[in-house]
Every structure is written in C-alpha cells, then in structure tokens.
Amino acid sequence: MKFRTPEGTRDIPPAQAEVAERWRNTALWQSLEAKVRDCFARFGYEEIRTPIFELTELFHKSSGETSDIVEKEMFSFKGRGEKAESFSLRPELTPGTIRAVLEDSLLEKKSFWKLWYMGPAFRGEAPQAGRFRQFTQLGVEAVGSADPLIDAETMILFAEILKSAGVAAWELRINSIGCGACRGGYREALRAAVTPELPKYCDNCRRRVERNVFRILDCKVPDCVALSSRLPSAIDHTCAACRGHMEAVEGALKGAGTPYKVDPRIVRGLDYYTRTVFEFSSSSLGAQNALCGGGRYDTLVRDMGGPDVGSVGFAAGVERILLAMEQGAAAKPPDFFAVAIRPELRAPLFEAVNRLRRTGLSGDMDFEGRSVKSQFRQANRSGARYALVLGPEEAAQGKVKIKNMLKEGEERAVSLDEAAAVLREGVRS
RNA sequence: GUGGCCGUAGCUCAGUUGGCUAGAGCGCCUGGUUGUGGCCCAGGUUGUCGCGGGUUCAAGUCCCGUCGGUCACCCCA
C-alpha cells in the first residue's frame with residue numbers, strides 16, 4: 001500500500017467497514033455528536049466555529065511561551081506573499097475562541113456568553129493509546145462571569161455529557177491555584193520549600209523551579225512525587241476571596257450531586273488558568289487517561305486586549321470519550337432495498353426507487369448488476385425491513401411487490417402509489 | 001526524542017530444531033432455486049510472508065539494516 005494516513009492520524013470509515021477499533025466509525029461519532037449537542041442546548045450553550053489555523057503568535061500569547069504545547073508541539077507554516085506571517089494549526093481551541101469573541105465584538109452585544117465548540121486540533125507529539133496528532137476537541141467557554149456557580153456548571157455539564165454518552169468509569173478532581181493576588185505568594189512559598197532539596201528532584205523539575213514551579217506538583221517521577229507531597233499546597237496559600245470561591249464551587253457540585261475530589265496536584269499545563277482548575281479522567285483509558293481538562297481564566301481576555309472579565313471553560317477529547325464508552329452504535333438501516341428480477345427492469349426500478357425517496361423514505365438498490373439471489377442477500381445485509389421487488393409480472397400490471405424481510409413469506413403486490421404508504425406505515429410500527 | 005513489543009490473505013491469526021506447491025477460521029463470490037435473503041451444503045477467490053541486503057544446497061523462519069505500526073516515558077484531550 002503506497003499511501004497511508006500521516007503518523008498519528010486516523011480515518012473514520014462507515015460502521016460497515018467493521019474496523020478493529022470500535023470507535024472508528026462514523027455511526028458512533030454521529031450518535032455521540034447528537035448527544036453532546038443536546039447536552040449543550042439543555043445547558044444554554046451556543047455553538048461557535050473558528051478556523052483550524054491561526055497566527056502562531058496568538059498561541060504564544062495565550063497558551064504561554066513555556067507550555068510544552070507551544071514550545072515543541074505545534075505544526076507551524078509560513079503564509080504566502082510579502083508578509084509571510086507564521087501560522088499554526090490550532091493545538092487547542094480556547095485561544096481562537098477568545099480571539100473570535102473579541103474580533104466579533106461579542107461582549108459589546110451581550111456581556112456574558114456561554115459558547116461551545118467541537119472540532120479538530122493538532123499537536124506534534126509521539127502518538128500513543130488515546131493520543132493523536134490530529135484529534136477532536138469539544139469544549140465550552142463561559143466568557144464574562146466570575147461567578148463560582150458557572151465554574152460548577154461547566155463541570156456538571158461535562159458529567160452530563162459522560163452520562164449521556166454512557167461513560168461510567170470517570171473521576172473528577174478539582175483544585176484552586178489562586179488568583180493574581182495570592183499566586184505570587186504561593187510561588188515564592190513553593191520555591192522556598194523546594195530549593196533546599198533541589199538536588200533530589202529530577203532534571204525536569206530542577207528546570208521547572210525557575211520557569212514554572214507549579215509544574216513540579218504534577219511531575220510523575222516517583223521520587224519527585226514523594227518529595228512534592230510534602231510541599232505546601234495551593235489551597236493553604238490562597239487568599240480569602242479565592243478560598244470563598246472554591247467553597248462556593250464545591251457547594252454547587254455537592255448540590256448537583258456531582259462527585260469530585262480535591263486534588264492539590266492538579267496544576268494544568270497551560271499558563272492562563274486562575275483559581276479553579278479541574279480534570280476528568282477515566283480508568284478505562286490507559287496511560288493517557290484525561291478525558292477533559294479545564295478551569296477558570298480570569299486574566300486571559302484582558303491579556304488578549306479585551307475587557308477585564310472572568311471566564312471559565314473546559315476542553316475534552318472526543319476520541320477519548322469514544323474510547324471510554326463501551327457501547328457501540330450501528331448505522332441506521334434503509335427503509336427498503338429494491339430488487340430487479342430482470343436486468344432490463346433496472347431502469348424502471350431506479351425510477352421507482354427515486355419516487356419513493358422523494359416521499360421521504362430511504363432506500364437503495366443494486367448498482368453492480370448482481371444476480372437476483374445476490375440482490376436479496378444485499379437487501380438482507382442492508383438491514384432494510386422491506387424488499388421492493390420488480391419482475392415481469394409486476395411490471396405488466398404496473399405494480400411492485402413488497403416483501404417483509406423480517407417475516408417469512410409475507411409478500412404483497414401493490415401499485416407504486418400505494419407502496420409509499422404501505423412502506424411508511426410498516427416502518428413506523 | 002528515547003525504550004519495549006509487533007509486521008504472513010479483506011479481517012483475526014497459525015506456521016515446529018531453517019526443508020516439498022505458504023495454511024486455518026471468518027468474510028467475500030458463484031451455484032444448489034425460470035423470480036426470493038438469513039440456516040445448511042458444494043465449489044471458488046485473494047499473498048511483493050513490510051522493504052533491502054546477508055548467511056545457506058535451501059529463509060516466512062537465522063543475522064544486519066531500514067520503514068511502518070503499537071505501547072510506554074514526557075506531556076496532555
């Protein structure tokens with residue numbers, strides 16, 4: 001085979017292709033997409049769509065220069081012409097979404113927006129179970145509110161998505177990393193606590209002390225985990241306002257019956273988070289077990305040149321949700337499959353099929369000139385409830401025969417006009 | 001970028017200490033039925049054994065290289 005998908009990318013064929021990985025079929029995707037849209041609608045979120053590439057600079061400004069994502073995982077390319085700016089395929093959708101909110105002056109029209117999105121994102125990492133170079137993110141951004149209830153709402157919403165998708169094995173962990181007022185103090189407290197034992201930490205962590213101490217907390221090297229478990233936790237260093245915010249978030253989660261755990265090790269890899277951060281993970285996933293990550297970002301909109309308003313959002317991996325849900329989905333079978341007894345009847349049959357389709361029924365026929373037996377085999381395989389049979393006898397009377405594929409021996413000849421009614425009646429029951 | 005494992009039919013895989021013409025199950029096709037599917041029966045179809053080189057009388061099998069996949073580290077959705 002000469003051509004294959006680029007490393008870390010996947011095709012999603014129709015369900016009948018029966019590829020080994022159950023999640024790779026468009027029937028399953030469509031059913032999840034429908035459920036997800038329904039959840040967003042029930043919670044009052046509206047869809048926004050943005051380009052899949054943006055100016056590279058946008059990601060540097062928003063996601064943070066030191067985050068791994070912009071540091072080494074972006075697919076960047078030069079634009080055309082004189083200016084030849086650098087563009088990048090989006091590694092996440094939050095920056096583009098906020099950019100759009102500002103560019104289209106959404107906040108001038110309404111001071112608070114609940115937006116959702118779903119679309120491809122790209123990161124140049126080494127692929128692995130549940131990790132792809134092109135993957136699909138779905139997420140929300142609630143822009144223009146500092147209300148702790150909206151933090152809780154995004155989490156409750158995602159839990160609802162998991163429920164309706166049929167993902168049972170999940171866990172929600174939350175943390176507060178403080179605001180502009182208290183984060184600096186915590187940073188210093190961390191540095192002070194880490195420095196004396198610095199040689200005991202891994203190479204990575206030693207670099208993190210200067211660049212981003214907080215990330216030491218989510219290092220997975222066993223020695224570092226042991227060391228960092230004794231470090232001061234963010235919650236103890238947050239200001240009264242941040243503590244109050246966290247308590248309100250927890251209260252709302254409890255009230256909604258959404259189970260969660262406070263985990264001081266949740267830090268997040270992106271620079272823009274403030275106060276609430278959270279992560280949904282699933283034990284049925286493998287090493288890459290994060291389903292969804294999110295949190296509050298109270299300074300991002302302002303940093304990007306917009307008004308000083310608070311926001312909160314999350315992003316989830318659609319492939320991972322699909323991977324974690326155990327039930328499959330089959331394609332919807334057509335209402336009928338038409339069979340021509342003689343090759344010369346294929347043209348009139350084709351006409352009949354199209355007439356029935358125009359009435360709203362779904363149906364198909366053979367396009368390979370197969371034998372009658374084979375056509376019935378196809379009818380059976382398609383899952384159609386009815387076979388529509390056109391042979392010399394029926395043609396002579398201007399009729400077609402309708403055969404019920406589910407009931408042995410049930411056949412009746414009717415005029416084409418009646419056929420539509422009979423099929424619709426049968427399909428409905 | 002680093003490391004482990006794996007590349008044989010459309011799919012899942014077997015293939016012994018190197019040894020006849022490379023196999024099974026499933027699928028697919030045709031027939032058993034002047035115009036009837038599923039079940040059954042009969043027959044049929046498909047291979048660059050990932051690629052290149054080496055050892056050997058002989059390589060799917062051993063060696064080297066290479067490409068691809070996969071899992072893990074890292075990081076994250």
Side-chain angles (χ1 to χ4, degrees), chain A residues 1-8 10 16-21 63 66-73 90-94 118-139 158 202-205 208 215 218-222 266-270 279-282 285-294 314-324 337 339-343 345 366 368 370-395 401-411 413:
Chain A
M1 197 77 65
K2 184 162 185 187
F3 294 112
R4 15 184 10 144
T5 55
E7 184 179 3
R10 293 285 187 277
Q16 282 189 38
E18 290 181 342
V19 297
E21 302 97 320
S63 308
T66 64
S67 70
D68 283 29
I69 291 175
V70 311
E71 207 172 52
K72 50 186 186 184
E73 294 173 0
R90 60 191 185 191
E92 57 159 345
L93 305 217
T94 298
M118 174 154 48
F122 307 82
R123 292 182 195 173
E125 304 178 274
Q128 190 182 327
R131 191 168 73 185
F132 307 96
R133 289 185 157 192
Q134 174 175 340
F135 60 105
T136 310
Q137 279 198 338
L138 66 82
F158 189 69
C202 71
D203 294 353
N204 248 323
C205 284
R208 285 166 173 150
R215 298 273 293 281
D218 63 0
C219 182
K220 283 158 188 106
V221 176
I266 301 286
V267 175
R268 311 266 81 232
L270 301 164
E279 184 174 312
F280 283 79
S281 56
S282 173
L285 235 35
Q288 304 303 321
N289 65 356
L291 286 168
C292 169
F314 69 69
V318 173
E319 289 82 358
R320 290 189 187 171
I321 295 172
L322 257 10
L323 241 18
F337 190 93
V339 172
I341 300 299
R342 299 273 184 272
L345 292 172
D366 161 66
E368 296 170 280
R370 295 196 188 218
S371 68
V372 170
K373 178 180 183 135
S374 178
Q375 289 180 65
F376 273 101
R377 250 201 293 268
Q378 284 182 85
N380 187 54
R381 201 162 20 200
S382 76
R385 174 149 181 189
Y386 294 101
L388 198 76
V389 186
L390 183 64
E393 290 171 25
E394 291 83 5
K401 196 179 271 178
I402 292 172
K403 169 173 174 149
N404 186 335
M405 298 296 282
L406 306 179
K407 269 191 192 164
E408 195 170 355
E410 190 183 295
E411 290 189 2

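Chain letters run A, B, ... following the sequence lines, proteins first and then strands; every chain starts at 1.
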Letter by letter from the 5' end, nucleotides 25-34 of chain B scores (B base, S sugar-phosphate only, - none; protein heavy atoms under 4.0 Å) ---SSSSB-S

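Within 3.5 Å, a donor on the side chain of A:Glu411 pairs with an acceptor on the base of B:U36, or the reverse.
Phosphate proximity of B:C76 to A:Gln288: absent, as no side-chain N or O sits under 4.0 Å from OP1 or OP2.
Nucleotide B:G1 forms a pair with B:C73, judged by Watson-Crick or G-U wobble geometry with both contacts under 3.5 Å. Taking a pair to require two hydrogen-bonding distances under 3.5 Å in either a Watson-Crick or a G-U wobble arrangement, B:C62 pairs with B:G54. With both pairing distances under 3.5 Å, B:G23 is matched to B:C13 as a Watson-Crick or G-U wobble pair.
Protein atom CG of A:Asp366 is 14 Å distant from nucleotide atom C1' of B:G37, rounded to whole Å. For the pair A:Glu7 CD and B:G68 C1', the interatomic distance rounds to 9 Å; values are reported in whole Å. Atom CE of A:Met405 is separated from atom C1' of B:U36 by 8 Å (rounded to the nearest Å).
Residue A:Arg4 has its side chain nearest to B:G69 when only B:G69, B:C74, B:C71 are considered. For A:Ala315, the listed nucleotide lying nearest its side chain is B:A77; candidates were B:A77, B:C73, B:G35. Which of B:A77, B:U70, B:G38 sits closest to the side chain of A:Glu125 comes down to B:A77.
Residue pairs that meet the side-chain hydrogen bond (donor to acceptor under 3.5 Å, both in side chains) test with at least one member in residues 374-388 of chain A, sequence neighbours left out, are A:Asp366-A:Gln378, A:Arg370-A:Ser374.
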